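Here is the structure we will look at.
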Amino acid sequence: MSVADLPKIELHLHHEGAAPPAFIRQLAHEKKMDLSGIFRDDGGYDFRDFSHFLSVYEAASEVLTGPEEFRRLTLAILEESAANGVVYSETFLSPDFCGGGDLIAWREYLAAIQDAADEAEKKFGITLRGVVTCVRHFGPDQAKKAAKCAADTAGDWIVGFGMGGNEGMGQQGDFAWSFDCAREAGLRLTTHAGEFGGPESVRDAVRILGVERIGHGVRAMEDAELVQELADRGTVLEVCPGSNVVLGLFPDFASHPIAKLRDAGVKVTVSTDDPPFFHTTMRREYEKLNQAFGWDAEDFAALNATALAAAFCDDATRERVQKRLES
Ligand code: ADE
Ligand code: ZN
């Protein structure tokens, strides 16, 4: 059996970023919207660099105009994830793309997404949980709206709060109010750090925001003391190697620091981030890690154990997913 066939846990997936280009093109066609500028001739998403990626992502999201579009999107994402062997996934949902931060609208979007997730669990045997994310480059005031939506819907299904977007804008600490609000509502915390920001961004994330997981975090590798601090704290990195390679952080998988971080005692997990944008899948991530570092079934079992322990779901869900990993 190839390592790519193993069951998988994915902790870092952006809902809009998981939309296949054909899905977005079809919706644009139905709504008579012209999105031709964001696609390459071969049909894939077209972007030059990270900030262009973020604007193409936001342009594509414009066709996701209501709960019904998110219901369809959720089913499409989960069918694809399940086909890649994913048995449990956490997805980043932004109130900014689901009603613009309005609480009543957010609840309607969420109901549609959860409905689709229930259907997918029955059909494809995959469990989904939601992590509400604010968008860093929309600023701290907009983030507060996202945090209030998150706090209002915190529970068995919305299990976490986090932040994506352009790490070049502002500081992690500018968003402390939102992270405190989410924490007080019982949500678990993660934030993008150490992707395009350096080690100081990761340090601020754990020390100021108090997050227990970090989206990416790979640039912590530039600071040995910080690597030790992450290992000591037990901070879990949601590493997305394929995303990092396409966005130019590292030239290839062999140069990616995931293996060095793991060997230094940092808890690492593997995810796809925005799979169709980065021409990846969870199967491909496993294959590439196997080729680059020789990771075998035992390594991936340990990786999945770390991911399941770090998942923000409740223990009953964790036990149910554990059985899927074992079967
Ligand atoms: N939003 C979607 N993908 C992202 C990434 N890789 N970094 C920051 N924000 C994002
Ligand atoms: Zn991400």
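Please read these numbers as outputs of a predicted model, since none were measured by experiment. For ligands, and for the atoms within them, numbers begin at 1 and follow the listed sequence.
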Quiz item: In terms of atom number and element, which parts of ligand 1 are under 4.0 angstrom from non-hydrogen atoms of H216?
Solution: 6 (N)
Quiz prompt | Where ligand 1 meets Y57 - atom numbers and elements under 4.0 angstrom, heavy-atom basis | solution = 2 (C)
Quiz item: Which of the N/O/S atoms in H14 sits closest to the Zn ion (ligand 2)?
Solution: NE2
Quiz item: With the Zn ion (ligand 2) as the point of reference, which N/O/S atom of D273 is the closest?
Solution: OD1
Within-cut-off N or O pair, [X] and ligand 1, under 3.5 Å:
X: D273; value: yes
X: D274; value: yes
X: G165; value: yes

Are [X] and [Y] in a cation-pi setup, meaning NZ or CZ lies under 6.0 angstrom from the ring centre and within 45 degrees of the ring axis?
X: R213; Y: F312; result: yes
X: K8; Y: F300; result: no
X: R25; Y: F39; result: yes

Practice problem: Note the single closest protein heavy atom to atom 1 (N) of ligand 1, along with its residue, its atom name and the distance in Å. | Solution: H14 CE1, 3.4 Å
Practice problem: Return the residue, atom name and 0.1 Å-rounded distance of the protein heavy atom closest to atom 7 (N) of ligand 1. | Solution: E195 OE1, 2.7 Å
Quiz item: Do the rings of F53 and F277 sit parallel, tilted or perpendicular, given the 30° and 60° boundaries?
Solution: perpendicular
Practice problem: May I ask you to check whether over 12 heavy atoms, not counting those of K260, lie within 6.0 Å of atom NZ? | Solution: no
Exercise. Identify the heavy atoms of V135 and G165 that sit nearest to each other, and give their distance.
Key: CG1-CA, 4.2 Å
Exercise. Indicate the atoms forming the closest heavy-atom contact of A117 with W157, along with that distance.
Key: CB-CZ2, 4.1 Å
Exercise. Verify the cluster assignment for F278 and I258: are they in a single hydrophobic cluster under the rule of side-chain heavy atoms below 4.5 Å apart?
Key: yes
Practice problem: Consider ligand 1: state whether an atom of it lies below 4.0 angstrom from any non-hydrogen atom of F53. | Solution: yes
Self-check item: N, O or S atom of H216 closer to the Zn ion (ligand 2) than 2.8 Å
Solution: no
Quiz item: Taking 2.8 Å as the cut-off, does an N/O/S atom of C240 lie below it from the Zn ion (ligand 2)?
Solution: no
Quiz item: Is the H15 to F97 ring centre distance short of 6.0 Å?
Solution: no
Exercise. Examine the proximity of ligand 1 to F50 and report which part, side chain or backbone, both or neither, has a heavy atom under 4.0 Å away.
Key: side chain
